[in-house]
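See below for the structure under consideration.
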Amino acid sequence: MADHARARKLADRIQVIVAQMIDTRVKDPRLGFVTVTDVRVTGDLQHASVFYTVLGDEEARAGSAAALESAKGLIRSEVGKQTGIRLTPSLEFVLDAVPETAAQLEAALNEAARRDAEVAALAAGARYAGDADPYRKPEPDDDERPGP
């Protein structure tokens, strides 16, 4: 369990370092408005996946991905200096699909709410197909019939 805590602690530190580097040191004009959303480090602390989002269209995402890829060495070097661990983990930048997934979920929820409103409107004016009470009830004169 201690290894997982150490990996999480290192991941949190790497997230801060990478965000600072993107903000201050990476001067690539292709780099758009990038937000580092999460970092995951393997249990052996050898590999770090940096998840990020980019504000903008597909062109901004592609340009930012290329800029991050070209600055990977500079960022990894700074991570090594600031963390002080013996082996600096390799970095992998992964575009986070959270905003797109959230937009799809929002659209699906809106569609479900619209359909629920349609069903409620139809149910408000609905009538029974047969009698309102479909169950048989004993006739009042059943007790007066002669026996066999």
Side-chain angles (χ1 to χ4, degrees), residues 1-139 142:
M1 195 65 169
D3 287 343
H4 295 296
R6 186 170 180 210
R8 185 71 245 162
K9 201 171 172 181
L10 180 61
D12 291 342
R13 184 70 185 124
I14 290 173
Q15 182 172 357
V16 170
I17 295 167
V18 170
Q20 286 174 345
M21 289 290 294
I22 289 172
D23 193 32
T24 59
R25 299 262 313 269
V26 178
K27 300 296 183 196
D28 196 320
R30 299 173 293 181
L31 192 64
F33 188 71
V34 175
T35 303
V36 178
T37 56
D38 192 21
V39 175
R40 295 189 188 138
V41 177
T42 57
D44 61 359
L45 309 179
Q46 295 297 307
H47 183 73
S49 297
V50 180
F51 294 89
Y52 67 96
T53 59
V54 180
L55 185 64
D57 58 358
E58 192 60 41
E59 186 178 329
R61 288 187 195 105
S64 295
L68 288 172
E69 195 62 34
S70 68
K72 186 186 288 189
L74 175 70
I75 295 171
R76 183 173 183 230
S77 171
E78 190 64 27
V79 166
K81 287 178 192 171
Q82 290 193 28
T83 56
I85 57 177
R86 186 169 55 92
L87 295 172
T88 304
S90 62
L91 298 179
E92 172 192 21
F93 290 97
V94 181
L95 182 63
D96 202 346
V98 169
E100 290 81 12
T101 304
Q104 290 173 351
L105 286 174
E106 186 69 29
L109 288 172
N110 288 339
E111 177 67 15
R114 185 187 63 76
R115 288 184 180 182
D116 284 349
E118 285 178 12
V119 168
L122 289 173
R127 289 180 290 137
Y128 292 107
D131 294 332
D133 188 7
Y135 300 104
R136 286 188 183 179
K137 295 194 172 42
E139 300 276 335
D142 277 348

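Here the structure is a predicted model, which is why all the values come from computation and not from measurement.
- Of the residues Ile17, Val18, Thr24, Asp23, the one that meets the side-chain contact (heavy atoms from CB on, under 4.5 Å) test with Met21 is Ile17.
- Using modelled atom types, no side-chain atom of Thr35 and backbone atom of Thr53 make a donor-acceptor pair closer than 3.5 Å.
- Glu111 contributes atom CD, which lies 10.0 Å from atom CG of Asp116 (distance to the nearest 0.5 angstrom).
- The environment of CD in Glu118 is crowded: more than 12 heavy-atom neighbours from other residues, nucleotides or ligands sit within 6.0 Å.
- Surrounding CZ of Arg86 are at most 12 heavy atoms belonging to other residues, nucleotides or ligands under 6.0 Å away.
- Atoms OG and CG, from Ser49 and Asp96 in turn, are 11.5 Å apart once rounded to the nearest 0.5 Å.
- In terms of heavy atoms, Ala60 sits closest to Val54 at O-CG1, 3.8 Å.
- Interatomic distance, Ile85 CD1 to Arg6 CZ, rounded to the nearest 0.5 Å: 7.0 Å.
- Salt-bridge annotation for Lys72 and Glu69: present, with a side-chain N of the basic residue lying under 4.0 Å from a carboxylate O of the acidic one.
- A pairwise comparison of heavy atoms in Val39 and Ala11 identifies O-CB, 3.3 Å as the closest pair.
- For the pair Ala66 and Arg30, the tightest heavy-atom approach, listed with the atom from each and the gap, is CB-NH1, 3.5 Å.
- For the atom pair Phe93 CZ and Ile75 CD1, the distance stands at 4.0 Å (nearest 0.5 Å).
- A 4.5 Å side-chain heavy-atom check between Asp12 and Val16 finds every atom pair outside the cut-off.
- The structure places OG1 of Thr88 at 11.5 Å from CD of Gln82, a figure rounded to the nearest 0.5 Å.
- Judged by distance alone, the side chain of Glu92 and the main-chain N or O of His47 form no donor-acceptor pair under 3.5 Å.
- Salt bridge Arg8/Asp38: present, at least one basic N to carboxylate O contact under 4.0 Å.
- A donor-acceptor pair is defined here as one N or O able to donate and one able to accept, closer than 3.5 Å; such a pair exists between the side chain of Arg76 and the backbone of Pro89.
- Inter-residue side-chain proximity for Tyr52 and Leu95 is flagged as met; some heavy-atom pair is nearer than 4.5 Å.
- In this structure, CG on Leu68 lies 5.0 Å from CD1 on Ile22, to the nearest 0.5 angstrom.
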